[in-house]
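Working notes for the structure below.
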Amino acid sequence: MSKFYNFALVVVRPIMHLCFSIHAEGKENIPQQGGYLFVSNHRSNADPVLIPLLVPKQQFCFIAKQELFKNKLFEKIITALGAIAIDRGSGDLSPLDELTMRLKQGKNGLIFPEGTRSKDGKLGRFKSGAAYIVAQAGADVVPVSVQYEGKLHFRSRITVTYGKPLHLVDAPLTEPNPRDLRRIRTEMHSAVAALLPLEEEQADIPEKTSEV
């Protein structure tokens, strides 16, 4: 873990606990070492902070939309914290390849396969980017859910639930086919859905596997 990442955790952790009532479930499922891809539903801009916040002594890297990198100062900060920019809809796989490489180096990855925040709290369909990373890295997956009622506000009660790790590929797939990606994507979607209340679940909708 880098000194800056550790410093950021020390600073941000008490602030987040002051702003919200944060509860963690399934912490026994969190692996003791890195190299896992954490896959979660996406409720708010706080999610990329909440999930790593509750995993001590492990550094995360994550995919972030290109728009967040427009401000030069903010770009430096989130890049130092492990953010990798992606231009959504461009078809550029290099950010996914970069995250794959970091997983192989023993860092944890965090991705929100829906690709955007859920407006109604329901779990949307997963794009294939996360499945591509799992296939390429041969990494195991930790499903995660973030839950709270209504709109996020000061002292909202937030529950972050970590599921049991999933072993979805026996070895890295250098050229995963659409069938492999769909299977991985479907199993991840089911695992995250299982951590959510029934009213927040939503059936996975078929999509083109080329989307990232």
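- Gln58 places a side-chain N or O within 3.5 Å of a backbone atom of Pro31 that can act as its donor or acceptor partner.
- Scanning both residues, Gly121 and Ser118, for their nearest heavy atoms gives N-OG, 2.9 Å.
- In terms of modelled atom types and a separation under 3.5 Å, the side chain of Glu187 and the main chain of Arg182 share no donor-acceptor contact.
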Chi angles and distances behind the side chain to side chain contact (heavy atoms under 4.5 Å, CB included) call for Tyr132, Ile184: CA-CA 9 Å; Tyr132 174 85; Ile184 295 169; over 6 Å; no

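- Panel note: side chain Asp92, backbone Ile86; no donor-acceptor pair is recorded below 3.5 Å.
- Other cluster members for Met101: none, since no ILVMFWY side-chain heavy atom sits under 4.5 Å from it.
- Counting heavy atoms of neighbouring residues, nucleotides and ligands inside a 6.0 Å radius, atom CZ of Phe7 does not exceed 12 of them.
- Sorted by first then second residue, the salt bridge (Lys or Arg N to Asp or Glu O under 4.0 Å) pairs that include residues 62-78, not counting sequence neighbours, are Lys72-Glu75.
- Looking at Leu103 and Tyr36, their side chains never come closer than 4.5 Å, going by heavy atoms from C-beta outward.
- The environment of CD in Glu28 is crowded: more than 12 heavy-atom neighbours from other residues, nucleotides or ligands sit within 6.0 Å.
- Around the CD atom of Gln105, the shell of radius 6.0 Å holds more than 12 heavy atoms that belong to other residues, nucleotides or ligands.
- Within the 4.5 Å cutoff, the side chain of Val39 has no heavy atoms near those of the Val142 side chain.
- Separating the CG atom in Leu173 from the CG atom in Asp180 is a distance of 5.5 Å, to the nearest 0.5 Å.
- Under the 3.5 Å distance criterion, the side-chain polar atoms of Ser156 are left unmatched by any main-chain donor or acceptor of Ile158.
- Each side-chain hydrogen bond (donor to acceptor under 3.5 Å, both in side chains) pair with one or both residues in residues 13-22, not counting sequence neighbours, appears once here: Ser21-His23.
- Going from atom CG of Leu53 over to atom CG of Asp47 covers 12.0 Å, rounded to the nearest 0.5 Å.
- When all heavy atoms are compared, the tightest approach of Leu166 to Ala191 is CD1-CB, 3.5 Å.
- A 4.5 Å side-chain heavy-atom check between Ile51 and Ser40 finds at least one atom pair inside the cut-off.
- Put simply, Phe20 and Val10 are part of two different groups of oily side chains (I, L, V, M, F, W, Y) that touch within less than 4.5 Å, one to the next.
- Across all their heavy atoms, Arg155 and Leu18 have their closest contact at NH1-O, 2.9 Å.
- No side-chain heavy atom of Asn6 sits less than 4.5 Å from a side-chain heavy atom of Gln59.
- Within the 4.5 Å cutoff, no side-chain heavy atoms of Val55 are placed close to those of Lys27.
- Side-chain contact check for Glu25 versus Val160: every heavy-atom pair is 4.5 Å or farther apart.
- Put simply, the side chain of Glu114 gets close to the backbone of Gly124: a donor and an acceptor are under 3.5 Å apart.
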Assess the residue pair Thr159 and Glu149 against the criterion (side chain to side chain contact (heavy atoms under 4.5 Å, CB included)); give the C-alpha distance rounded to whole Å, side-chain angles, the decisive distance to 0.1 Å, and a yes or no. CA-CA 10 Å; Thr159 301; Glu149 293 185 0; over 6 Å; no

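- The distance from the CG atom of Leu123 to the OG atom of Ser145 is 9.5 Å, given to the nearest 0.5 Å.
- In plain terms, the two heavy atoms of Phe62 and Leu81 that are nearest each other are CE2-O, 3.8 Å.
- The side-chain hydrogen bond (donor to acceptor under 3.5 Å, both in side chains) test applied to Asp140 returns His167, not counting sequence neighbours.
- Looking at every heavy atom in both residues, Arg117 comes nearest to Asn45 through NH1-OD1, 2.8 Å.
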Determine, step by step, whether Ile133 and Leu37 satisfy the side chain to side chain contact (heavy atoms under 4.5 Å, CB included) criterion, reporting the C-alpha distance in whole Å, the side-chain angles of both residues, the deciding distance to 0.1 Å, and the verdict. CA-CA 8 Å; Ile133 293 169; Leu37 184 65; 4.1 Å; yes

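- In this structure, Phe154 is not a member of the same hydrophobic cluster as Ile22, with clusters built from ILVMFWY side-chain heavy atoms closer than 4.5 Å.
- Side chain to side chain, Arg102 and Asn108 fail the donor-acceptor criterion of an N or O pair below 3.5 Å.
- The distance from the CD1 atom of Ile30 to the NZ atom of Lys164 is 14.5 Å, given to the nearest 0.5 Å.
- Because its NZ or CZ atom is both nearer than 6.0 Å to the ring centre of Tyr148 and within 45° of the ring axis, Arg43 counts as a cation-pi partner of that residue.
- No donor-acceptor pair closer than 3.5 Å links the side chain of Thr79 to the backbone N or O of Ala83.
- At least one side-chain heavy atom of Leu99 sits under 4.5 Å from a side-chain heavy atom of Ile63.
- Identified under the ring-ring contact (aromatic ring centres under 6.0 Å, His included) test for residues 87-110, with sequence neighbours left out: none.
- For the pair Pro165 and Val141, the minimum side-chain heavy-atom distance is 4.5 Å or more.
- To the nearest 0.5 Å, atom CG of residue Leu181 and atom NZ of residue Lys127 are 15.0 Å apart.
- Expressed to the nearest 0.5 Å, how far CZ of Phe126 lies from CD1 of Ile111 amounts to 10.0 Å.
- With 3.5 Å as the limit, one finds no donor-acceptor pair spanning the side chains of Gln66 and Asp87.
- The other members of the hydrophobic cluster of Leu68, by chain and number, are Phe69, Phe74, Ile78 (side-chain heavy atoms under 4.5 Å, ILVMFWY only).
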Evaluate the side chain to side chain contact (heavy atoms under 4.5 Å, CB included) criterion for residues Thr116 and His42: first the C-alpha distance (whole Å), next the side-chain angles of each, then the deciding distance (0.1 Å), finally the verdict. CA-CA 7 Å; Thr116 187; His42 200 5; 5.8 Å; no

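- Of the possible donor and acceptor atoms, one in the side chain of Ser2 sits under 3.5 Å from a partner among the backbone N and O of Tyr5.
- Across all their heavy atoms, Pro113 and Ala130 have their closest contact at CG-CB, 3.9 Å.
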